[in-house]
Q: 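Dropping a structure here in structure tokens format, bear with me for questions.
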Amino acid sequence: MTENKGKVVSVNGNLVSVRFEGTVSLNEICCVIVDGTKLKSEVIRVRGDIAQIQVYEMTNGIKFGDEVEFTGEMLSAQLGPGLLGQIYDGLQNPLPVLAEQAGWFLERGVYADGLNAEKKWEFTPTAQIGDTLRAGEYIGTVPEGPFTHKIFVPFNLLGNYTLKSIAAKGEYTVNETIAVLTDDRGRDIPISMSFRWPVKRAVKSYTERLAPSETMETKVRVIDSFFPVAKGGTYCTPGPFGAGKTVLQHTTSKYADVDIVIIAACGERAGEVVETLTEFPELTDPKTGRSLMERTIIICNTSSMPVASREASVYTSVTLAEYYRQMGLHVLLLADSTSRWAQALREMSGRLEEIPGEEAFPAYLESYIAAFYERAGYVLLPDGSKGSVTIGGTVSPAGGNFEEPVTQATLKVVGAFHGLSRERSDARKYPSIDAVISWSKYKGVTQAEKSDYCKNILLRGDEIGSMMKVVGEEGTSLADYVTYLKSEMLDAVYLQQNSFDTTDANCGKERQRYVTDKLIRVLGSEFALADKDSARSFFNRMRQEFLDWNYTEYESDAFAKLEAEIDAIYADGQGNLSHEAELLLM
Ligand code: ADP
Ligand code: MG
């Protein structure tokens, strides 16, 4: 490890040029010393004896001649027990701890350890002396909330190691030595329950990457049935301001069928993040009844915090996700919003005077976005268990224009696209995922043929709806009008879902399959309807019944009663199932 020094030669916003001695490498962490305060920074370009560094903090006060210390280390996250339930900033400083030290207004140059150094954890050794071990294998466990936290051989140790000694079962802090490994040259390496990992490098201590083939249930009907997400897969949610991206992510974080949720609030307004911070600790996990926060990590870098650490926050969060995946857990990372992250890249790129790409984003934007989503994955681990990191990112394109570079670059790499529409959110049709533009490459909870059948009705309904805007209701045939009413009903009772009702918001896969079958029975039938008025009133009745059905507990008495009412309306309308729908339902 080298420790070099340098002096500031110029300052341009967060970008500071430093003349240094010795060697300095890219992405190395350094500190500018301003009146005795060390401001954390990262080397982003080296030219001869000048290093350009981005300062993660407010830069006022930095001047020519200020001293800079280079640490020889990369920006890294501290990994070990105690990450769950934390609220961090982008550099993994626990915000509650900073608040205690500095009060409500964060000061510059105040940093704290990512993990509590005093807390003791109940360690149980599992490896035996003499065992041959590699990075990513574990030597023992500690209980952390509802999970068994594995204590790993640090991911950065290359090759094989022999376990020389290991601590007995007992309580230890994260920094105490709990084992000694010997490398192939006989050198001893003491390890503790925590270690650091450079956040910009993907953790690869798994045996094999597997194809993401298992659906990650979000309990959101339109997602699970029509535009599903797989465990270990990636998806993006672009939408204009106020279309419901953040609310959709919050709903997902509560109900998704995963073990751990990491929320990366990146560059959005502080008010929204405060909402998350105050809301989450109060919520109970619908699966276990325990506090939701026990299985959640929040990493926030709001729009009022320095831009430079926004970039870091995205990488820090994905690193924590990969760490828990290594334990055989399923982790969902929700990043809100990746556009703000891209804007941070653009800002730094501009200051570096790089040749700008489209809309002044750096030319490497696409590869950065791709590299980020690539860190998702479903993996086979050395102990034979499987874990996953699923990444969902929101994109907030200006004016809801999906043709802009961040949305386009994201669409090239993700496996599912949930496009939110202003039109739907204005009409309060939530979640405002537009079924006409959205897509997914993953397998959903309902049979593909059934979901295609439903999507087709939505598409035709959309076409007829646009046509009706021109020719009016009178110019539309009764058959078309009925198709239109069917698609409107499907939208109202299945695509739309109330995030704030615990029964409706938490729609499991059995229920989705059951309701889809019932819907196909209605959508795939002809009814004895004399004219448009009777068609409208018939489908209005049907729609209301399905809506009420959504609010009843699955398989309860109330559920059965409403189902009987739906069947009665069907019989009343002399429903006659088409051959196509009949085949689907067999
Ligand atoms: P975005 O993150 O896209 O800017 P938000 O998620 O903050 O938008 O949503 C903006 C507002 O829209 C919310 O404050 C809420 O009033 C409303 N909203 C969004 N989603 C829903 C929903 N599923 N149910 C009810 N209201 C919603
Ligand atoms: Mg938002």
Side-chain angles (χ1 to χ4, degrees), residues 90 217-227 229 235-256 261-280 283 286 298-305 310 313-314 317 332-344 391-402 404 406-407 410 417-435 437-438 491-507 512 547 550-551:
E217 283 177 62
T218 62
K219 313 293 162 67
V220 178
R221 288 185 291 261
V222 56
I223 296 181
D224 296 352
S225 294
F226 295 163
F227 309 107
V229 178
Y235 68 104
C236 73
T237 317
F241 177 73
K245 301 181 290 295
T246 306
V247 173
L248 182 57
Q249 279 205 335
H250 282 191
T251 316
T252 314
S253 66
K254 278 177 228 166
Y255 298 109
V261 177
I262 299 181
I263 300 176
C266 173
E268 292 291 80
R269 283 164 302 135
E272 288 185 16
V273 180
V274 169
E275 242 168 63
T276 316
L277 296 187
T278 49
E279 185 191 3
F280 261 72
L283 295 173
I298 299 175
I299 296 188
C300 58
N301 184 266
T302 62
S303 52
S304 53
M305 289 156 99
R310 212 181 270 173
S313 71
V314 168
S317 35
L332 171 64
L333 167 61
L334 296 168
D336 187 15
S337 128
T338 59
S339 295
R340 307 277 169 260
W341 167 54
Q343 282 162 8
I391 302 183
T394 68
V395 188
S396 31
N401 165 26
F402 293 170
E404 55 85 52
V406 183
T407 315
T410 307
F417 162 62
H418 304 148
L420 303 191
S421 90
R422 159 75 62 214
E423 207 177 304
R424 287 182 70 81
S425 69
D426 280 350
R428 313 232 121 234
K429 293 179 177 174
Y430 292 116
S432 60
I433 297 174
D434 187 344
I437 57 170
S438 299
D491 183 348
V493 309
Y494 202 78
L495 301 194
Q496 293 171 41
Q497 197 168 350
N498 187 343
S499 296
F500 304 110
D501 179 272
T502 44
T503 309
D504 194 25
N506 188 6
C507 190
Q512 291 194 28
L547 281 177
N550 283 341
Y551 288 94

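Note that ligands are numbered from 1 as they come in the structure, with each ligand's atoms numbered from 1 the same way.
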Q: Which residue supplies the protein heavy atom nearest to atom 19 (C) of ligand 1, what is that atom called, and how far is it?
A: Tyr430 CE2, 3.4 Å

Q: Considering heavy atoms of the protein only, find what lies nearest to atom 25 (C) of ligand 1 and give residue, atom and distance to 0.1 Å.
A: Phe500 CE1, 3.3 Å

Q: Going by distance only, is there an N or O of Gln497 that falls short of 3.5 Å from an N or O of ligand 1?
A: no

Q: Any nitrogen or oxygen of Gly244, main chain or side chain, under 3.5 Å from a nitrogen or oxygen of ligand 1?
A: yes

Q: Short question: side chain of Ser432, backbone of Ala243 - any donor-acceptor pair under 3.5 Å?
A: yes

Q: How far is atom 16 (O) of ligand 1 from its nearest protein heavy atom, and which residue and atom name does that atom have?
A: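 The answer is Arg428 NH2, 4.4 Å.
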
Q: Any carboxylate oxygen within less than 4.0 angstrom of a Lys/Arg side-chain nitrogen, looking at Arg424 and Asp491?
A: yes

Q: Can we call the ring centroids of Phe227 and Tyr235 under 6.0 Å apart?
A: no

Q: Should the ring pair Phe402 and Phe417 be called parallel, tilted or perpendicular, given that the plane angle runs from 0 to 90° and is split at 30 and 60?
A: perpendicular

Q: Strictly distance-based, threshold 3.5 Å: is any side-chain N or O of Arg340 a donor or acceptor partner for the main-chain N or O of Cys266?
A: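 Not a single qualifying donor-acceptor pair exists.
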
Q: Answer yes or no: is there a donor N or O on one side and an acceptor on the other, between the side chain of Gln512 and the main chain of Asp224, under 3.5 Å?
A: no

Q: For Ala243 and ligand 1, answer yes if some heavy atom of the residue is under 4.0 Å from a ligand atom, otherwise no.
A: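 Checking ligand 1 against Ala243, which is what was asked, there is a heavy-atom contact under 4.0 Å.
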
Q: Which residue supplies the protein heavy atom nearest to atom 7 (O) of ligand 1, what is that atom called, and how far is it?
A: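 Answer, as residue, atom name and distance: Thr246 CB, 4.0 Å.
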
Q: Of all the heavy atoms in Pro240, does at least one lie under 4.0 Å from an atom in ligand 1?
A: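 Yes.
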
Q: What protein heavy atom is closest to atom 15 (C) of ligand 1, reported as residue, atom name and distance in Å?
A: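 Among all protein heavy atoms, the one nearest atom 15 (C) of ligand 1 is Val247 CG2, 4.4 Å.
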
Q: Do any of the N, O or S atoms of Gln249 sit under 2.8 Å from the Mg ion (ligand 2)?
A: no

Q: Report yes or no: does Lys219 contribute a side-chain atom to a donor-acceptor pair with the main-chain N or O of Cys507 at less than 3.5 Å?
A: no

Q: Do any N/O atoms on Leu248 end up under 3.5 angstrom from N/O atoms on ligand 1?
A: no

Q: Tell me if a side-chain donor or acceptor on Asn498 pairs with a main-chain N or O of Asp504 at a distance below 3.5 Å.
A: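 No, the answer is negative, given that no donor and acceptor are paired below the 3.5 Å cut-off.
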
Q: Does the protein put any heavy atom within less than 4.0 Å of atom 5 (P) of ligand 1?
A: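 There is a protein heavy atom less than 4.0 Å from atom 5 (P) of ligand 1.
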
Q: For the backbone of Thr407 and the side chain of Glu404, can you confirm whether one donor and one acceptor N or O come within less than 3.5 Å of each other?
A: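 Flag set: sc Glu404 to bb Thr407 pair under 3.5 Å.
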
Q: Just to be sure I'm reading this right: ignoring hydrogens, which of Ser425, Ser499, Gly242, Pro238 gets closest to atom 1 (P) of ligand 1? Compare them by their nearest heavy atoms.
A: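 When every heavy atom of Ser425, Ser499, Gly242, Pro238 is considered, Gly242 comes closest to atom 1 (P) of ligand 1.
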
